[in-house]
Amino acid sequence: MDTEPLIADECHGCEEIAHALAVGEFEVYYQPIVDLGTLEVAGAEALVRWPAAGIRGYVVDDLVESVESCGLVGQLDEWVLRTALDQLAAWQTDAIVSSSFNLCINASSLDFDSPDFPGRMARAISDSGVDPTGVVIEVTETRALSDLAGARRSATAVHEMGMRLALDDFGSGYSNFARLQALSFDIFKIDRCFTEVCDTTVGSAIVTSLVELARALGTRVVVEGVETTDQADRMFRAGCHEGQGYLWAPAVPAALMEEFLRGTSPLTPLRLAKPKVNPALIDLAGP
Ligand code: C2E
Ligand code: CA
Ligand code: CA
C-alpha cells in the first residue's frame with residue numbers, strides 16, 4: 001500500500017471529510033468481542049461510522065485511507081478516542097461493565113508514531129475520567145508503523161498509563177520478531193483472512209503457528225471475522241481466547257451495545273445479515 005501522504009489537492013474527499021468532522025457527522029459504533037469459552041461479552045471494538053456518506057457507499061476502509069491521505073487521521077482518531085472513552089467511563093460508572101471489560105480503540109500507525117501521541121492520549125484519559133485498565137489501543141502494521149522509535153515511545157506511554165496494546169491484523173502485516181519484542185504487545189488480533197480459511201490444512205496450520213507464537217510471548221489472542229459456529233469452535237480449539245464477527249454481531253450503535261451488556265438484547269440481532277455483505281451497509285441497517 002502507498003503510505004506517502006497525497007497532497008491535499010489530489011484528494012477530492014478532504015474538504016468533505018474536514019466538513020464532516022467540523023459538523024459532527026461521524027459516529028462511533030461498537031462491535032462486541034466474545035469470550036470463546038463462556039460466550040459472554042468480554043469487550044468491544046470502537047469503529048468509526050459515517051452514516052451520511054454510507055448512503056453514497058463510502059466504506060470505512062476507504063474513509064480511513066482518505067483521512068490518512070488528507071492528514072486528518074490524527075483529528076479523526078482523537079475524536080473517536082474521546083467519544084469511546086467517554087462512553088466507557090459512563091458504562092464503568094453505571095456498573096454496566098465489569099472491571100474485566102476491554103474497549104479496543106484503533107489508532108492509525110501514521111498517528112501512533114507521532115511525538116505528540118502520548119500527550120494527547122494522556123489528556124483524553126484524564127478528561128474522560130475512565131479507568132484506563134479497561135482500554136486497549138489497537139495498531140496495525142499493514143499501514144506503515146515505519147518509525148519504530150516513535151512507536152516504541154507511544155507503546156511505553158500506553159503501558160505506563162495502565163492501558164494495553166493490541167497488534168491488529170496479526171499475520172497479515174510486516175510483523176517481525178524485533179518489532180513484536182520492541183512494542184510489547186499484550187494482545188494479537190488474528191486477521192479475518194485466516195478465519196476464512198481455518199477449515200483448510202494450510203489455514204489451520206497458520207492459525208496454530210500464530211497462536212503458538214502468541215503463547216510463547218504470553219500474549220492473548222482475539223480472532224476477527226468469525227462468521228460461523230464452526231469457525232468459532234475451530235479457533236477456540238486452536239487456543240484463541242476471544243472472537244468478534246458477524247456470527248455474534250456487527251458494529252452497532254452505543255445504545256444497542258448497552259442492551260447486549262445489560263443482557264436485555266441477545267447477541268445476533270442481525271442474523272439475517274448474510275456473511276460477506278458490505279459491513280458498512282449492515283451497520284447502516286441498524287438494529
Ligand atoms: P479492523 O480494525 O480490522 O476492524 C474490523 C473490521 O472488520 C471492521 O470493518 C468490521 O466491521 C469488520 N468485521 C467485523 N466482523 C466481521 C465479519 O464477521 N466478517 C467480515 N467480513 N468483516 C467483519 P470496518 O468497520 O469497515 O473497518 C475497517 C477498518 O477501518 C478497520 O479494520 C480499521 O483498520 C479501520 N478503522 C475503523 N475505525 C477506525 C478508527 O476509528 N480509527 C482508525 N485509525 N481506523 C479505523
Ligand atoms: Ca481494529
Ligand atoms: Ca483487524
Side-chain angles (χ1 to χ4, degrees), residues 29-47 59-61 100-104 106 136 138 140-142 166-173 175 185-252 256-257 259-261 263-287:
Y29 276 29
Y30 299 86
Q31 183 174 36
I33 297 176
V34 174
D35 182 307
L36 292 176
T38 63
L39 300 182
E40 303 269 322
V41 178
E45 177 172 2
L47 291 159
V59 297
V60 173
D61 264 332
S100 63
F101 181 89
N102 291 320
L103 184 60
C104 300
N106 292 284
V136 176
E138 293 190 6
T140 166
E141 280 197 286
T142 50
L167 177 61
D168 207 351
D169 305 337
F170 180 45
S172 72
S175 321
F185 289 102
D186 306 284
I187 297 163
F188 290 152
K189 294 190 79 170
I190 294 186
D191 192 74
R192 69 168 180 265
C193 66
F194 300 114
T195 311
E196 272 174 21
V197 295
C198 70
D199 59 345
T200 65
T201 310
V202 174
S204 106
I206 294 173
V207 169
T208 304
S209 65
L210 293 176
V211 172
E212 275 302 311
L213 178 57
R215 201 172 275 153
L217 296 171
T219 310
R220 283 186 78 76
V221 182
V222 178
V223 59
E224 299 184 303
V226 179
E227 296 182 351
T228 67
T229 47
D230 179 59
Q231 290 171 343
D233 289 345
R234 285 175 190 274
M235 289 306 204
F236 181 55
R237 277 188 269 118
C240 299
H241 302 99
E242 284 147 20
Q244 65 187 94
Y246 300 160
L247 170 64
W248 298 291
V252 297
L256 183 51
M257 183 68 211
E259 287 181 26
F260 294 152
L261 292 168
T264 50
S265 241
L267 284 176
T268 68
L270 297 171
R271 233 181 214 295
L272 292 179
K274 295 189 183 60
K276 308 271 190 294
V277 299
N278 181 341
L281 297 181
I282 295 178
D283 293 340
L284 282 170

S.K.: Where do Asp230 and Arg234 land on the salt bridge (Lys or Arg N to Asp or Glu O under 4.0 Å) test, with the steps shown first?
M.R.: CA-CA 6 Å; Asp230 179 59; Arg234 285 175 190 274; 2.9 Å; yes
S.K.: Please report the closest heavy-atom contact between Ala44 and Tyr30, naming both atoms and the distance.
M.R.: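 Closest pair (atom of Ala44, atom of Tyr30, distance): CB-CB, 4.3 Å.
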S.K.: Applying side chain to side chain contact (heavy atoms under 4.5 Å, CB included), name anything that partners Asn102, two or more places apart in sequence or on another chain.
M.R.: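 Asn102: side chain to side chain contact (heavy atoms under 4.5 Å, CB included) contacts with Val136, Arg164.
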S.K.: Look up atom CZ in Phe236 and atom NE2 in His241, then write down how far apart they are to the nearest 0.5 Å.
M.R.: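 One finds 9.0 Å between CZ of Phe236 and NE2 of His241.
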S.K.: Tell me, with the steps shown, if Leu210 and Phe170 meet side-chain contact (heavy atoms from CB on, under 4.5 Å).
M.R.: CA-CA 8 Å; Leu210 293 176; Phe170 180 45; 3.7 Å; yes
S.K.: Lys189 vs Glu45, test: side-chain contact (heavy atoms from CB on, under 4.5 Å). Steps then yes/no.
M.R.: CA-CA 11 Å; Lys189 294 190 79 170; Glu45 177 172 2; 3.0 Å; yes
S.K.: So, the side chain of Glu196 versus the backbone of Cys193: is there a donor-acceptor pair under 3.5 Å, distance only?
M.R.: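 No, the answer is negative, given that no donor and acceptor are paired below the 3.5 Å cut-off.
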S.K.: Side-chain atoms of residues 34-42: list all donor-acceptor pairs with protein atoms under 3.5 Å, sequence neighbours left out, distances to 0.1 Å.
M.R.:
residue: Asp35; atom: OD1; partner: Gly37; partner atom: N; Å: 2.7
residue: Asp35; atom: OD1; partner: Thr38; partner atom: N; Å: 3.0
residue: Thr38; atom: OG1; partner: Glu40; partner atom: N; Å: 3.2

S.K.: Could you pull out the closest heavy-atom pair between Ile33 and Cys104, with the gap in Å?
M.R.: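 Where Ile33 meets Cys104 most closely, the heavy atoms are CD1-SG, 3.8 Å.
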S.K.: I need the Asp191 CG to Asp169 CG distance, nearest 0.5 Å.
M.R.: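 If we round to the nearest 0.5 Å, Asp191:CG and Asp169:CG are 4.5 Å apart.
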S.K.: Could I get the full list of side chain to side chain donor-acceptor pair (under 3.5 Å) partners for Gln31, not counting sequence neighbours?
M.R.: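 Gln31 satisfies side chain to side chain donor-acceptor pair (under 3.5 Å) with Gln244 only.
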S.K.: Does some side-chain heavy atom of Asn106 sit less than 4.5 Å from a side-chain heavy atom of Asp168?
M.R.: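 Asp168 vs Asn106: side chains touch.
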S.K.: Of the non-hydrogen atoms in Pro32 and Pro250, which two are nearest, and what is the gap between them?
M.R.: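 Smallest heavy-atom distance, with atoms named: CD-O, 3.8 Å.
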S.K.: Side-chain polar contacts of residues 215-226 - donor-acceptor pairs under 3.5 angstrom, sequence neighbours left out - could you list them?
M.R.:
residue: Arg215; atom: NH1; partner: Glu212; partner atom: OE2; Å: 3.3
residue: Arg220; atom: NH2; partner: Glu242; partner atom: OE2; Å: 3.2

S.K.: According to ring-ring contact (aromatic ring centres under 6.0 Å, His included), does anything in residues 189-209 pair up with another residue at least two apart or in another chain? List the pairs.
M.R.: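 ring-ring contact (aromatic ring centres under 6.0 Å, His included) check on residues 189-209 returns no pairs.
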S.K.: Looking at CG of Leu167 and CD1 of Ile187, how far apart are the two atoms once the value is rounded to the nearest 0.5 Å?
M.R.: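 Separation between the atoms: 11.0 Å.
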S.K.: Heavy atoms, side chains only, cut-off 4.5 Å: are Val252 and Phe260 in contact?
M.R.: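 Yes, their side chains come closer than 4.5 Å.
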S.K.: Go through the steps to decide whether Val211 and Phe188 satisfy the test side-chain contact (heavy atoms from CB on, under 4.5 Å), and finish with yes or no.
M.R.: CA-CA 9 Å; Val211 172; Phe188 290 152; over 6 Å; no
S.K.: Indicate every side-chain donor-acceptor pair of residues 198-205 with a distance under 3.5 Å to a residue at least two apart or in another chain.
M.R.:
residue: Thr200; atom: OG1; partner: Val197; partner atom: O; Å: 2.7
residue: Thr200; atom: OG1; partner: Gly203; partner atom: N; Å: 2.9

S.K.: Using 0.5 Å steps for rounding, measure from the CD atom of Glu259 to the CG atom of Leu256.
M.R.: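 Reported value, rounded in 0.5 Å steps: 5.5 Å.
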